[in-house]
K.L.:
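Have a look at the structure that comes next, please.
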Amino acid sequence: MKLIEEGKISGSQFMWLLVTVVLPTAVLFIPALTIKEAGASAWISGGVVATFWGILVVWIASTLGERFPGMTLVDYSGQIIGKFGGKMIGAYYIFVLVHGIAVITRQFGEFLVTAFMPETPIIVFHIFLIALAASAVRNGVEVIARMNHFVVSLMFFSVLFIFSLVFGEWNFNNLLPILEEGIGPVIKGAFIPMSWRGQTVLLLIFMPYLNNYREARPAAYKAVVMLGIILAAEIIICLAVFGQLAANYVFPAHALASYISVGGFIERVEAFILALWVAGITMKVSIWYYSATVLMARTLNLQDYKPLVLPLGVIMLTWSMTLFDNIRQLVEWFNESGPAFFMSWEVVLPVLLLIMAVLRKKGGVKSGK
Amino acid sequence: MFNVLRRKLKQTLGRNKDLKVPHDKFEHGEGNGDKEKHPISNSLEQNKIILKEIFNNCSDVKFREFELGTAPAVKLLLVYIDGMVSTSDIHESIMNQLMLLEGLMEEISPEHTLELIREKLLPIGELSENGDFIKITDNILMGNAALLIDGEKTALILGIKEWESRGIEEPQSEPVVRGPREGFTERMLTNTMLLRRRIKSSRLKLEIKKVGIVSKTDIGIMYIDGIANNKVVEEVRKRIDRIKIDGILESGYIEEYIQDDWKTPFPLVLSTERPDRAAAHLLEGNVIILTDTTPFALIVPVTFFHFLQASEDYYTHWVGTAMIRLLRIIAVNISLLLPSFYIAIVTFHQEMLPTALLINIASAREGVPFPAFIEAFIMEGTFELLREAGIRLPRPVGQAVSIVGALVIGQAAVTAGLVSPAMVIIVSLTAISSFSIPNYSGALSLRILRFPLMVLAASLGLFGIMVGLMALLLHLCSLRSFGVPYISPIAPFIRSDMKDSVIRFPLWAMFTRPRLIGYKEPQRQEYLQIPKPPANPKRPSGGKERDNK
Amino acid sequence: MVSKRVVIIIALILVFFLPGCWSRTEVETLAIVTNIGIDTVEQDGHVKFLLTANIIRPPLAGGGTQGGGSGAGKPVYWRVASLGDTLSDAERNLNLRIPRRIFYGHLRFVVINEKVARKGLADIIDYLHRNMRIRPRVLLLLTPEKAFDTLIRQAELEPDLARMIDEMDRMALSRSSKAFIDDLAHTTGQLTASGIDPLVAGITPIESPPTEPEGKPVKVIRINRGGAFRVDKFVGWLDSDEVRGYLLGIGKAQSGPFSITLKPHSHKDVNIMMTRATGKIKVDTDGDEVTAVIEISAEGDLSEFHTTEEIATDEGMKILGQKFSDAIKTEVMKAVKKSKELKSDIFGFGAALHRDNPAEWKRFEKHWYEVLPRIKVTVKVTAYVRRTGMTAEPFKPE
């Protein structure tokens with residue numbers, strides 16, 4: 001089974017890839033969405049419940065991946081449920097990823113247009129984002145992993161920076177009472193963070209590139225826990241600063257940054273956020289884009305994935321432009337059809353594949369020895 | 001349209017790749033005569049005619065005919081280039097010895113003239129025999145003298161090169177406050193000597209290659225066996241062998257041919273004039289490429305951070321150096337980003353400035369007729385012009401330029417209302433920052449990249465800058481210098497190499513060589529030699545040794 | 001391959017460079033608004049918003065090489081106003097009069113007329129929050145006069161009103177704790193949360209006697225009260241002492257002078273300078289009874305002493321501490337009383353109950369404003385006087 005690309009990545013690069021697969025958009029949208037549902041206990045949905053869910057997803061995905069070391073998703077789905085089935089799974093994942101990228105791109109564009117440059121047509125942002133991601137994809141997985149490592153550490157620093165600069169405004173009374181309405185709203189509020197966290201299932205795509213496929217599982221667990229910590233911290237701080245008001249903001253993290261005022265001169269750092277998210281989302285889109293392209297090349301039995309980059313980019317661009325009419329439709333999509341859409345490929349398909357593989361005794365046996 | 005362009009580029013490249021110099025003339029006279037043989041005959045007259053033909057119209061090539069002072073006098077012909085050989089050697093060690101023979105008359109026999117001359121008569125260290133015209137010609141051109149003997153089918157090559165060259169001086173391009181003042185010179189053997197004096201080890205290897213079909217420049221590849229990565233050394237050899245060109249006049253020629261990517265504005269090969277720096281890199285496992293006729297040595301492989309290091313960093317106290325390194329990183333950012341940030345903030349994100357500053361900038365810009373971008377472009381352009389003019393002009397005139405420049409940029413432009421005072425500050429800050437980057441070619445790449453970033457900033461503000469920076473990061477991440485990722489201690493992140501990138505750790509903490517460059521022999525010093533006061537402070541430090549005895 | 005990409009990128013850059021840049025505005029084409037005032041006026045039977053803005057006049061404001069001299073003495077801000085059916089309408093209508101783009105990025109405070117606030121703050125807050133340039137940290141102020149008039153009052157010592165209010169925001173709280181200017185985010189948070197109501201700093205417009213030699217009387221503002229709200233409607237004023245009581249109760253007070261009476265004089269004879277204070281509210285229920293405990297601990301130094309008896313003893317300090325805590329208690333009780341009178345839960349008793357006992361809160365939530373006046377509030381103060389300043393015993397004239 002030949003890989004499409006020769007690149008190799010290390011365990012830690014893999015972990016950071018998985019962090020970026022989720023974080024950049026999550027950090028922007030999740031606080032408002034969870035606080036709306038779960039109120040003061042939102043951090044439990046976003047941080048705790050979703051993390052356990054993420055661990056479950058990683059468990060399923062890495063168990064599946066470890067049965068077929070060094071093989072791509074399409075190849076072993078082909079082994080498990082027949083060649084045609086494998087192709088169908090590949091096709092579904094391509095659809096899902098392209099759709100996902102369209103949504104991410106749209107989120108990004110909406111953020112920029114709303115918060116920074118209302119006069120600029122949104123397509124400008126989309127074009128630049130997809131062009132950047134496309135050139136990253138053409139450079140291959142190693143370059144993406146390297147770039148990502150740099151960008152993600154930058155993101156960590158800036159998020160920490162923002163959190164610590166609003167220190168003076170923290171009021172933890174806003175976090176009380178815990179579990180006021182019982183566990184119901186918390187679970188309800190957790191659906192969106194759960195579907196977001198489940199995006200770590202993309203580890204299936206990147207596992208074959210690992211130097212040692214055994215590193216995938218611990219790295220992915222670490223990534224999920226790290227995401228849990230960051231998002232819980234973010235929700236807690238949004239709540240501590242703004243209280244329930246955070247749910248009214250479209251982008252609470254942006255409001256957080258614009259609320260910073262230290263000593264009268266560290267003020268007005270929202271533009272900083274913009275820089276952060278341009279970097280983060282470029283990486284996120286690059287990773288998804290790469291996954292989609294490689295999957296497609298494998299599904300179509302191509303030798304090289306590079307010719308697919310441009311056509312896929314054009315599809316994503318049009319898709320992202322026509323997907324939603326307004327920003328609330330985007331948010332509602334996440335609330336209503338989002339969870340089902342995400343669950344289908346994050347959990348349902350991997351679980352089915354895993355069960356089939358176990359029942360049909362495919363893979364795993366040879367590698368186990 | 002793009003395809004046409006691409007095809008054209010490809011064709012141009014393709015032609016270059018299998019370029020063969022169809023220079024039939026050289027095949028006779030010069031060229032690398034490995035395949036063809038042109039043996040000399042045993043008639044001195046005939047050889048002389050051929051040599052004269054080869055060196056036709058070369059008036060600095062001297063033909064000196066004389067006779068060996070034996071009974072049947074043997075005819076000799078000495079050929080050399082005036083100015084490239086030691087005249088005193090010609091007189092004293094050759095002519096004197098051969099012409100004024102006394103007491104040897106009896107033993108001479110015509111069959112052994114050559115042996116006699118070689119074994120007994122010539123007191124010269126470097127001496128070889130050759131019977132091929134091409135080799136003889138090459139040797140003469142290198143500064144050796146050829147001694148042809150009548151009746152012998154081989155000539156003696158006498159190594160008496162000597163020519164005028166600049167002495168060892170302080171390097172102009174990399175001055176230091178503390179550190180050796182020696183710099184490389186134009187003579188390669190002086191340069192190898194400077195390195196050998198610093199690394200007295202038989203593991204320091206030197207391979208000499210000749211590059212340039214016409215110029216036949218000596219290229220020396222130096223590395224420390226066992227520390228340098230064999231693959232890199234092999235790759236360097238391969239890439240240098242691949243160069244087919246008429247002449248190499250400076251190491252810049254080599255640099256352009258051996259770097260991994262020709263499109264990048266970033267230097268992928270480090271050049272230095274300092275032997276101590278070259279030696280330090282040799283010890284880290286890099287390969288040094290010396291070029292005859294230039295004081296600039298090339299160092300491969302390099303990473304981006306090498307361009308922010310100065311040799312002095314390792315000679316002064318580490319705390320200060322660590323801070324200076326940070327300062328340089330800031331300087332890199334300023335010189336790359338400041339003008340574009342100014343444009344972005346003044347035209348897109350005015351809310352980012354403190355109110356008082358915004359008001360000041362607004363009032364200063366009140367009378368300026370251009371948008372901020374044009375203003376910045378004019379000023380940056382003027383500055384680049386001034387800098388260029390200052391470098392090229394003879395030194396006394398250069399000062400005049402800087403005075404005019406200071407007046408134009410600093411005073412007149414503001415008074416005339418062409419630019420705002422804030423812009424002057426931005427330009428000067430940028431300039432100062434770009435001067436504080438120790439490596440010229442490193443600073444040059446940032447200067448070039450500043451302009452596209454300004455365009456992006458003017459069209460899309462901070463978003464544009466970020467797009468530019470991400471593209472830059474992508475480019476940097478995809479670059480490699482001889483297989484080593486260009487921004488290596490950062491991406492891919494190598495914790496152990498952080499000791500010598502953004503800041504410098506104390507020397508005792510730099511226990512290993514850079515992982516990607518010197519991994520063959522990672523350890524470079526005893527582990528943890530932290531300087532400590534003596535264990536018992538009351539006794540002098542030597543006390544312990546005495547006790548042991 | 002890469003060359004093609006480079007060409008495409010260059011072409012793209014050029015394309016975006018040609019048609020001009022959508023969001024680009026040169027800094028000199030901006031009208032930098034530092035503060036706005038909001039009034040309502042009736043016109044043709046319709047209620048319209050009157051938006052007043054103070055705009056910085058850059059050429060006159062400091063900076064520059066020539067600007068400084070010529071502009072001296074002239075106020076650097078410029079007041080303009082316009083009417084509109086909505087605030088956004090009024091904002092854009094300003095541009096029928098101003099040749100520059102209204103720029104809210106440096107907005108520092110918003111003055112709201114008392115009458116507008118009585119009708120409700122929600123509309124205004126919505127306008128402020130929706131605008132991408134207005135930060136959550138914009139300060140809110142209430143004024144009894146027309147906001148239009150407030151914005152032309154003199155700023156002394158600082159070049160403009162915005163900077164003056166900005167500095168006052170810090171000074172008022174840290175020097176005397178008698179005023180507190182809250183920002184948009186906090187006020188909105190209190191407005192939207194149940195069981196807590198906002199208190200917005202209030203301006204008293206005064207006419208001060210001349211402040212410079214041969215000057216005329218100047219119209220200035222003083223920030224010395226707080227406007228209490230019920231839900232989002234302004235209901236009444238707290239005076240500066242009551243504001244401090246409120247700040248002590250919610251734990252925001254920092255420092256401030258407390259004048260107390262040690263001996264039965266007709267005047268206050270001792271001053272304790274509070275150096276730090278914390279406050280905490282606990283609410284409990286017992287059947288239909290709601291009880292609240294405000295726990296305050298404070299520390300202070302002796303800063304003024306008008307009588308002559310010995311005070312620099314442990315005993316003396318204890319007595320002073322007792323008096324100090326009594327003074328705090330009185331102030332907090334006054335504020336609580338006012339809060340009950342106005343039926344405005346500025347202390348957030350409801351929120352405290354919600355926090356400590358969500359189930360009980362459910363019971364009271366519906367008719368909280370009827371419960372509020374009936375809450376039994378106890379104030380527990382532990383106050384210490386720690387130091388006596390640079391003198392120990394008072395100077396005795398003999």
Side-chain angles (χ1 to χ4, degrees), chain B residues 1-3 5-6 8-10 13 261-264 343-368 370-375 411 414-415 417 420-422 452-453 455-464 467-468 471 474-475 478, chain C residues 1-35 55-68 71 76-77 100-101 103-108 132-135 158-160 162-163 166:
Chain B
M1 184 191 101
F2 301 135
N3 270 335
L5 209 89
R6 207 170 115 192
K8 268 195 172 161
L9 274 176
K10 222 175 204 170
L13 281 182
D261 184 353
W262 61 272
K263 288 167 246 84
T264 175
I343 295 170
I345 287 175
V346 167
T347 53
F348 285 89
H349 311 281
Q350 293 92 351
E351 69 272 12
M352 277 181 78
L353 292 170
T355 314
L357 184 59
L358 176 71
I359 293 165
N360 286 348
I361 289 179
S363 68
R365 277 196 49 80
E366 201 65 43
V368 177
F370 311 113
F373 167 67
I374 303 291
E375 189 190 356
Q411 197 61 46
V414 174
T415 324
S420 64
L453 278 175
V455 174
L456 277 170
S459 46
L460 286 164
L462 215 49
F463 172 74
V467 168
L474 179 65
H475 176 64
S478 65
Chain C
M1 275 179 299
V2 188
S3 66
K4 182 169 158 191
R5 198 161 65 221
V6 169
V7 170
I8 290 174
I9 287 172
I10 291 172
L12 267 180
I13 290 171
L14 290 179
V15 164
F16 286 107
F17 199 49
L18 285 175
C21 319
W22 300 274
S23 302
R24 207 188 64 157
T25 40
E26 292 293 331
V27 64
E28 66 271 17
T29 63
L30 295 178
I32 304 161
V33 177
T34 55
N35 34 24
I55 290 165
I56 295 280
R57 239 187 295 200
L60 300 180
T65 38
Q66 319 88 319
V76 294
Y77 50 99
R100 294 186 179 187
R101 187 195 183 99
F103 180 68
Y104 275 160
H106 285 261
L107 191 69
R108 286 299 176 82
M132 63 169 258
R133 300 267 186 211
I134 297 179
R135 275 145 222 282
E158 297 287 346
D160 55 331
R163 207 182 299 175
D166 214 36

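First the proteins, then the strands, lettered A, B, ... as listed; each starts at 1.
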K.L.:
Between B/E351 and C/F103, is there a side-chain heavy-atom distance shorter than 4.5 Å?
P.N.:
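They are in contact (side-chain heavy atoms under 4.5 Å apart), so the answer is yes.
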K.L.:
Can you list the residues that meet the salt bridge (Lys or Arg N to Asp or Glu O under 4.0 Å) rule with B/R365, with sequence neighbours excluded?
P.N.:
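Checked B/R365 against salt bridge (Lys or Arg N to Asp or Glu O under 4.0 Å); matches are B/E375, C/E26, C/E28.
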K.L.:
Heavy-atom distances under 4.5 Å only: say whether C/L30 touches chain B with side chain, backbone, both or neither.
P.N.:
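Looking at C/L30, just its side chain touches chain B.
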K.L.:
Can you name the residues that form a salt bridge (Lys or Arg N to Asp or Glu O under 4.0 Å) with C/D160, not counting sequence neighbours?
P.N.:
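Salt bridge (Lys or Arg N to Asp or Glu O under 4.0 Å) check on C/D160 returns nothing, list empty.
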K.L.:
Might you point out which heavy atoms bring C/T25 and B/Q350 nearest each other, and give the distance in Å?
P.N.:
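Heavy atoms only, the tightest pair is O-NE2, 2.7 Å.
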K.L.:
So which of B/V346, B/I359, B/L353 actually passes side-chain contact (heavy atoms from CB on, under 4.5 Å) with C/V27?
P.N.:
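Single pass found, and it is B/V346.
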K.L.:
In the structure I gave you, are the side-chain heavy atoms of C/H106 and B/L358 within less than 4.5 Å of one another anywhere?
P.N.:
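SC-SC contact between C/H106 and B/L358 confirmed.
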